[in-house]
Protein chains: 2
Amino acid sequence: MAAESPTAPDAQELLSGAALTSFRLNGRFLAVAEAMARPAGLTAARWQVLGAVLHEPLTVSGIARAMGMTRQAVQRTADLLVGQGLAEYRPNPAHSRAKLFAPTEEGLAAVRGIGPAHGEFAARLADAMGPEELARTVEAMRRLADAVESLEEPDAGQ
Amino acid sequence: MAAESPTAPDAQELLSGAALTSFRLNGRFLAVAEAMARPAGLTAARWQVLGAVLHEPLTVSGIARAMGMTRQAVQRTADLLVGQGLAEYRPNPAHSRAKLFAPTEEGLAAVRGIGPAHGEFAARLADAMGPEELARTVEAMRRLADAVESLEEPDAGQ
DNA sequence: GTCGAATTGACAACGTGTTGTCAATGGGGG
DNA sequence: CCCCCATTGACAACACGTTGTCAATTCGAC
């Protein structure tokens with residue numbers, strides 16, 4: 001490998017590499033999550049939405065804001081979970097239209113059922129690349145996401 | 001579950017954080033790419049596929065292998081690009097069934113048209129977080145993707 | 001040379017996220 | 001008190017990636 005090559009990678013190639021790597025990483029995590037969720041009768045997206053209300057019920061719009069997604073995407077997934085009997089809408093004393101989304105006992109059991117596989121894969125990943133580097137990588141990705149977010153049009157999304 | 005040291009998050013939370021951050025980052029890059037590609041009559045996915053054959057024609061299966069996607073996904077995007085007149089299938093002397101996918105002159109012009117916006121955003125991103133940290137982050141993400149890939153079932157995907 | 005496995009393209013079904021549009025609800029300014 | 005407007009839910013259309021299945025083609029073992 002060349003040391004101090006005079007031709008440093010230009011920003012454009014850096015951005016392309018970051019985006020392509022992000023797409024690839026997303027695909028890998030999605031595949032892993034899908035494989036872990038399937039035995040519990042869930043999908044990656046439904047697991048994610050259900051996981052957002054494990055401790056406290058939230059409105060669909062609130063979940064969307066917390067996850068950085070559109071409320072329509074969360075709405076459809078939430079409706080499917082209710083149809084599956086894994087979650088339910090509860091009346092919201094503060095807003096008659098925006099009901100509170102909460103998991104049912106069956107939904108809680110489904111999420112708990114993923115725990116062992118989740119823990120086992122997490123342990124293997126931490127073993128493969130080291131917990132410290134894993135933590136550092138997540139932190140770096142968070143900074144990158146923040147930077148990209150701050151450069152987008154202010155009214156992007158929603 | 002005993003109290004954990006605040007500086008030592010368990011592997012399970014680390015994995016969840018990594019996946020959720022990856023999903024968020026993917027969404028941000030996708031939105032940015034979509035916004036840059038739209039004026040050129042492209043989408044993020046079509047830009048990506050077209051970008052894979054800028055220098056040399058490849059078969060659809062070959063592109064899929066190079067991008068880590070299923071060949072069916074690439075096939076549909078490629079067919080759409082051909083229908084748009086931005087690419088074409090050329091006879092493959094080495095394989096009568098697996099034709100060679102190549103951009104048309106119009107397709108090349110479309111990709112070139114994205115260049116300025118791409119370069120401008122890349123410069124702003126490099127300015128926002130520093131080219132060195134950006135490069136380090138991409139490298140860390142690549143290692144994470146490699147690690148996850150190596151832990152998946154050997155026959156996963158395809 | 002022939003047969004069987006692997007590769008490849010075609011087609012369909014599904015889950016998901018996005019944008020766009022519309023009506024219902026709720027809060028704040030007049 | 002009433003009206004404007006942001007928030008919210010509902011519904012539809014679209015792009016995309018995935019899995020599954022099948023037929024055509026290619027290549028290697030025999």
Side-chain angles (χ1 to χ4, degrees), chain A residues 22-35 37-38 41-50 58-65 67-84 89-101 152-153 155-158, chain B residues 23-35 37-38 41-50 58-65 67-84 89 91-101 152-153 155-158:
Chain A
S22 172
F23 295 160
R24 175 172 159 233
L25 193 55
N26 181 69
R28 284 2 289 162
F29 273 131
L30 208 51
V32 170
E34 212 78 58
R38 187 172 309 116
L42 287 172
T43 63
R46 297 179 196 191
W47 179 18
Q48 197 181 343
V49 169
L50 213 44
L58 294 172
T59 66
V60 165
S61 288
I63 299 170
R65 270 191 299 270
M67 304 198 320
M69 286 172 32
T70 60
R71 76 182 192 286
Q72 289 92 329
V74 177
Q75 182 79 56
R76 191 175 42 177
T77 302
D79 287 348
L80 289 170
L81 283 167
V82 171
Q84 251 185 311
Y89 288 120
R90 298 179 186 166
N92 184 352
H95 198 306
S96 71
R97 188 172 177 79
K99 286 165 288 188
L100 288 173
F101 180 75
E152 286 185 81
E153 294 309 316
D155 56 344
Q158 310 315 317
Chain B
F23 295 161
R24 174 171 161 235
L25 193 54
N26 181 69
R28 286 1 289 161
F29 274 133
L30 209 50
V32 170
E34 212 79 58
R38 188 172 308 115
L42 286 172
T43 63
R46 296 177 199 192
W47 178 18
Q48 196 181 344
V49 168
L50 213 44
L58 293 170
T59 65
V60 165
S61 288
I63 299 169
R65 271 190 299 270
M67 303 197 322
M69 285 171 35
T70 60
R71 78 183 192 285
Q72 291 92 328
V74 176
Q75 182 80 54
R76 191 174 45 174
T77 302
D79 288 347
L80 290 169
L81 282 166
V82 170
Q84 249 184 314
Y89 288 119
N92 184 352
H95 198 306
S96 71
R97 189 173 177 78
K99 286 165 286 188
L100 287 174
F101 180 76
E152 286 185 79
E153 295 307 317
D155 57 344
Q158 313 315 319

Shortest non-hydrogen separation from A:Ala98 to A:Asn92 and the atoms involved: O-ND2, 2.9 Å
On the nucleotide C:dG17, are OP1 or OP2 found under 4.0 Å from the side-chain N or O atoms that B:Arg28 carries? no
Under 4.0 angstrom between B:Thr70 side-chain N/O and D:dT18 OP1 or OP2: yes
Does B:Thr77 place a side-chain N or O at less than 4.0 Å from the phosphate oxygens OP1/OP2 of D:dG17? yes
What is the distance, to the nearest angstrom, from the CG atom on B:Leu25 to the P atom on C:dG17? 16 Å
When rounded to the nearest 0.5 Å, the distance separating CZ of B:Phe29 from CG of A:Asn26 is 12.0 Å
Contact nearer the 5' end of DNA chain C, comparing B:Arg38 with B:Gln75: B:Gln75
Any donor-acceptor pair under 3.5 Å linking the side chain of A:Gln48 with the backbone of A:Met67? no
Rounded to the nearest 0.5 angstrom, the CH2-CD distance for B:Trp47 and B:Glu34 is 10.0 Å
When rounded to the nearest 0.5 angstrom, what distance separates CG in B:Leu80 from CZ in B:Arg76? 7.0 Å
If you take all heavy atoms of B:Ala78 and B:Val60, which pair is closest and at what distance? CB-CG2, 4.2 Å
Looking at C:dG9, does its base get a donor-acceptor pair with the side chain of B:Gln72 below 3.5 Å? no
Secondary structure of DNA chain D in dot-bracket form (Watson-Crick or G-U wobble, distances below 3.5 Å, | marking inter-strand pairs): ||||||||||||||||||||||||||||||
Rounding to a whole Å, what distance do you find between A:Arg24:CZ and D:dC16:P? 22 Å
Rounded to whole Å, the CG-P distance (A:Asp79 to C:dG15) equals 14 Å
For the base of D:dT25, is there a side-chain donor-acceptor partner from B:Arg97 under 3.5 Å away? no
Whole-Å distance, A:Phe23 CZ to D:dT18 C1', equals 17 Å
Which of these nucleotides, D:dC16, C:dG26, D:dA10, is closest to any side-chain atom of A:Arg71? D:dA10
Nearest heavy-atom approach of B:Ala44 to B:Ala37 is N-CB, 4.2 Å
For A:Ser61 and A:Arg71 the tightest heavy-atom approach is OG-CD, 3.6 Å
From C:dT18, D:dG17, D:dG9, nucleotide with atom closest to B:Ala73 side chain: D:dG17
What integer distance in Å separates B:Asn92:CG from D:dT26:P? 9 Å
Measure from CG on A:Leu30 to P on D:dC16 and round the result to the nearest Å. 17 Å
Side chain of B:Ser61, heavy atoms from C-beta onward: which of C:dT19, C:dG9, D:dT18 has the nearest atom to it? C:dG9
Quiz question: going by heavy-atom distance under 3.5 Å, is there a donor-acceptor pair between the base of C:dG15 and the side chain of A:Arg76? no
Output the rounded distance in Å from CD (B:Glu34) to C1' (C:dT19). 11 Å
Between NE2 of A:His95 and P of D:dT7 the distance, given in whole Å, is 11 Å
